[in-house]
Amino acid sequence: MHIVVCMKQVPDSAQIRVHPVTNTIMRQGVPTIINPYDLFALEEAMRLRDRFGGEVTVLTMGPPMAEDSLRKALTFGADRAVLLTDRFFAGSDTLATSYALAGALAKIGEEFGKPSIVFTGKQTIDGDTAQVGPGIAKRLRLNQLTYVARIAELDLAAEEITVERRAEGGVQVLSTRLPVLVTMLEGTNEMRRGTLEDAFRAARTQVVTWSAADAGITDLTKCGLRGSPTIVKKVFAPSARAEKAHQIPTADLSFEALAEAVMGEIFARQPAIEGDLMRFSSGQ
Amino acid sequence: MAEAPKQAPAAAGRAATKKELPEHFKAYKHVWVVVECEHGVVHPVSFELLGEGRKLADKRGAELAGVVMGNDRAAIAAAAAAAFEYGADLVYTIADPALAHYRNEAFTKGLTDLVNTYKPEILLLGATTLGRDLAGSVATTLLTGLTADCTELAIDEEGSLAATRPTFGGSLLCTIMTLNYRPQMATVRPRVLAMPERQPGRSGRIVEHPLDLAEDDIVTKVLRFVADRDSNQAQLAYADIVVAGGLGLRSAENFQLVKSLAEVLGAEYGGSRPLVQKGWIAADRQIGQTGKTIRPKLYIAAGISGAIQHRVGVEGADMIVAINTDPNAQIFDFAHVGIVADAIKLLPALTEAFRKHLSVNRLAG
Ligand SMILES: Cc1cc2nc3c(=O)[nH]c(=O)nc-3n(C[C@H](O)[C@H](O)[C@H](O)COP(=O)(O)OP(=O)(O)OC[C@H]3O[C@@H](n4cnc5c(N)ncnc54)[C@H](O)[C@@H]3O)c2cc1C
């Protein structure tokens, strides 16, 4: 079985700082990481491979330096890595990204075998849209399984898969036919520590690097900025609230007295809350 | 080595690509809201969207329509009636056994057909697991722009939808537009928008549409639905009072102090993201940009610094009370009431004060 995991290299957003004067992102020296949500997808893919046999290919679209993330994935235990990189992809929104990735996935199918499962993470931490997975599914006509918490059954002979999907207010148990696109929910597994063997293998493995043309993507009007229906009109910092919090003086007060003062302040500002609380407490 | 990609042009460069709207898109009018109706109940986010959709439609001089898809005709009629009372002028309905439970294939077909037939200018969905699953495939099918998790929707001077959302991990906001394609699609998370007033007795037109999809042609089957036993998922987002703790509480044991106060107040409890990462609280108790957005009447935050990603999830609260030992903590920049104090000591005192006050007044009353 061939499984492809789509990953993204993202800036470690915990480290992003905004310039206080110009309101621009200070990217210099911000380390990049594999989008943390994608690791759940990668681990799930490798577990399936370990159980059922086959190969895991990791695919990423990005600048040449995104190779770092692919190498990292190889050390975790992925079998093959494909980097899709071309200046024509710069400025892609989610629609253009799904077009490019779908093209690369089709090429991967021709070169290395058609994938039965394409995984993505639930979303990325820099874009947070959760749109690329469904976009790929639609373009490649893969059955779409989003927010998957568990893969309950996989029957390769019958080409069937059953999953538990997080839905509003509960879990849906869905069964469908392969090939599928699965977006994996976070917290569903724990990424293994790659073995020494994986590290050696990763060091020997060439990352397959494709330009748009290499991947057979010829319609450049659907790529990058030109292929993106959305336009970023402006980027700005959130405005501060006009006034700061009213501070309740704490000097020399016991915690009991302070608590009384806080409760008094709450009731004085929102008298309705006191009534609500009375009703709640007498209803108990 | 491949050539290094050029830097994407600056934001202004992208906006400059505005062209005259293609002729075939000029027929696209009106604002639509997908009314999410699973297991016979309308998700409240749909009403929030109708409230916002009403304003957008009025600004465009257009109509506001709801879209209800399902199987149970009574539930569809009830959802449509509710949509009218929350501001819809008309509701498109598709009733079909294939729509009994949410499935991507059937719902994508239904919504895509409706859009292609009746041509909305703006299409809004809740950023729920259903809305995000559906919006992504519908936008790709229609090859149009979709902006996820918007925090603000507006109509710009030229009549286009300006959708604002957090970016770069929430440290900045960006406004995104779909100028040359229709419909302009956006999702909004529950509780980000205010719940509009319900107008009892308000009514509108219903337009029925067929699904034209046989069950045999749908590959994906719903085998079961297991409802959450502890449905705090919805309750936290919609609670009137929320008490939350942060790293300032120092230990999982101390988090009990938050729960005790919440219990006395009949409130829901939650926390900042690091508490989830440390395993002190469950992931569905996280408040903030990557957790729940809340709009309670009262929000009490104890030992939370007030990082921007937390702030965006709580700003809709009527009153924010913050307890923090650091007088310069960011949370005091947006809280209404601040107390510079040790939360580990103040929380139990508050619990006791409320307990006493409520029991005394109950006896008196
Ligand atoms: C992409 C991204 C998404 C994120 N999403 C979220 C999100 O959804 N929700 C979220 O909350 N965070 C989120 N974060 C994390 C966020 O940036 C902050 O790191 C986090 O909110 C800080 O949590 P905290 O306030 O509990 O901890 P800290 O920032 O460590 O603050 C602890 C506070 O407690 C105070 N304190 C210490 N001792 C006491 C005491 N005894 N009594 C009272 N106060 C005390 C300290 O003065 C300090 O202000 C996200 C970050 C990123 C990068």
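Side chains are part of it too, since the values below use all heavy atoms of this structure and drop only hydrogens, waters and symmetry mates. Here the structure is a predicted model, which is why all the values come from computation and not from measurement. Quick note on labels: first sequence line is chain A, next is B, and so on, each numbered from 1.
- Counting heavy-atom pairs under 4.5 Å between each of B:Ala162, B:Gly338, B:Ala349 and chain A puts B:Gly338 at the top.
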- Does the pair B:Tyr181 and B:Leu142 meet the rule for a side chain to side chain contact (heavy atoms under 4.5 Å, CB included), with working shown? CA-CA 9 Å; B:Tyr181 301 85; B:Leu142 297 169; over 6 Å; no

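- By the 4.5 Å heavy-atom criterion applied to side chains, B:Thr147 and B:Gln184 are not counted as neighbours.
- Between B:Leu358 and A:Met278, some side-chain heavy-atom pair lies under the 4.5 Å cut-off.
- For A:Ser211, no part lies near chain B; criterion is any non-hydrogen pair under 4.5 Å.
- Contact count versus chain A (heavy atoms, under 4.5 Å) is highest, among B:Val321, B:Ile308, B:Thr290, B:Leu143, for B:Leu143.
- Within residues 129-138 of chain A, the residues having any heavy atom less than 4.5 Å from a heavy atom of chain B are, in residue-number order, A:Thr129, A:Ala130, A:Gln131, A:Pro134, A:Gly135, A:Lys138.
- When the candidates A:Glu265, A:Arg139, A:Lys122 are compared by the number of heavy-atom contacts under 4.5 Å with chain B, A:Arg139 comes out ahead.
- One distance of note links CZ of A:Arg166 with OH of A:Tyr147; it measures 12.0 Å at 0.5 Å rounding.
- With respect to chain A, the highest number of heavy-atom pairs below 4.5 Å among B:Thr108, B:Thr128, B:Ile218, B:Val219 belongs to B:Val219.
- For chain A, no part of B:Thr187 is nearby; none of its heavy atoms comes within less than 4.5 Å.
- When A:Arg177, A:Gln123, A:Gln144 are compared by the number of non-hydrogen pairs under 4.5 Å with chain B, A:Gln144 comes out ahead.
- Atoms CD and NE2, from B:Glu352 and B:His357 in turn, are 13.5 Å apart once rounded to the nearest 0.5 Å.
- A:Ile217 is listed as a side-chain neighbour of A:Phe89, based on a closest heavy-atom distance under 4.5 Å.
- For a residue to count as touching a neighbouring chain, one of its non-hydrogen atoms must lie under 4.5 Å from one of that chain's; by this rule B:Asp133 touches chain A with backbone and side chain alike.
- Interface remark: of the candidates A:Gln270, A:Met263, A:Gln172, A:Met263 forms the most heavy-atom pairs closer than 4.5 Å to chain B.
- Inspection of the A:Ser92 and A:Ser228 side chains reveals no N or O donor paired with an N or O acceptor under 3.5 Å.
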- Item | Stepwise side chain to side chain contact (heavy atoms under 4.5 Å, CB included) test for A:Leu181 and A:Thr120 | CA-CA 8 Å; A:Leu181 177 120; A:Thr120 72; 4.2 Å; yes

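- Within the model, atoms CD of B:Gln330 and CG of B:Asn324 stand 10.5 Å from one another, a figure rounded to the nearest 0.5 Å.
- For the options B:Ile176, B:Thr141, B:Asn104, B:Thr220, heavy-atom pairs under 4.5 Å to chain A are most numerous at B:Thr220.
- For chain A, the nearby part of B:Ala341 is the side chain; its heavy atoms alone come within less than 4.5 Å.
- Taking chain B as the reference chain and counting heavy-atom pairs below 4.5 Å, the highest number among A:Leu145, A:Asp276, A:Ile273 is found for A:Ile273.
- At a 4.5 Å heavy-atom cutoff, the contact between B:Glu36 and chain A is made by side-chain atoms alone.
- Taking the six-membered ring for Trp and thresholds of 30 and 60 degrees, B:His101 and B:His39 have ring planes inclined between 30 and 60 degrees apart.
- When side chains are defined from C-beta on, B:Asp156 counts as touching A:Lys233, because their heavy atoms get closer than 4.5 Å.
- Under the 4.5 Å side-chain criterion, counting only non-hydrogen atoms from C-beta, A:Phe236 is in contact with B:Thr175.
- Within the 4.5 Å cutoff, the side chain of A:Thr209 has heavy atoms near those of the A:Thr85 side chain.
- You'll find the side chain of B:Thr129 stays beyond 4.5 Å of the side chain of A:Thr146, heavy atoms only.
- By number of non-hydrogen pairs under 4.5 angstrom with chain A, the leading residue of B:Leu265, B:Ile320, B:Asp342, B:Leu130 is B:Leu265.
- With chain A as the partner, the residue from B:Glu38, B:Arg165, B:His43 showing the most heavy-atom pairs under 4.5 Å is B:Arg165.
- Only the backbone of B:Thr144 comes within contact range of chain A, with at least one heavy atom under 4.5 Å from a heavy atom of that chain.
- When all heavy atoms of B:Val276 and B:Gln286 are compared, the pair lying nearest together is CG2-CB, 3.6 Å.
- When heavy atoms are compared at a cutoff of 4.5 Å, A:Leu277 approaches chain B by way of both its backbone and its side chain.
- In this structure, the side chains of B:Ile300 and A:Val262 stay at 4.5 Å or more apart for every pair of heavy atoms.
- Within the 4.5 angstrom heavy-atom criterion, atoms from both the backbone and the side chain of B:Asp318 approach chain A.
- Interface check for chain B: of the options A:Asp128, A:Thr94, A:Thr162, A:Leu83, the most heavy-atom pairs under 4.5 Å are formed by A:Asp128.
- When heavy atoms are compared at a cutoff of 4.5 Å, B:Ile331 does not approach chain A at all.
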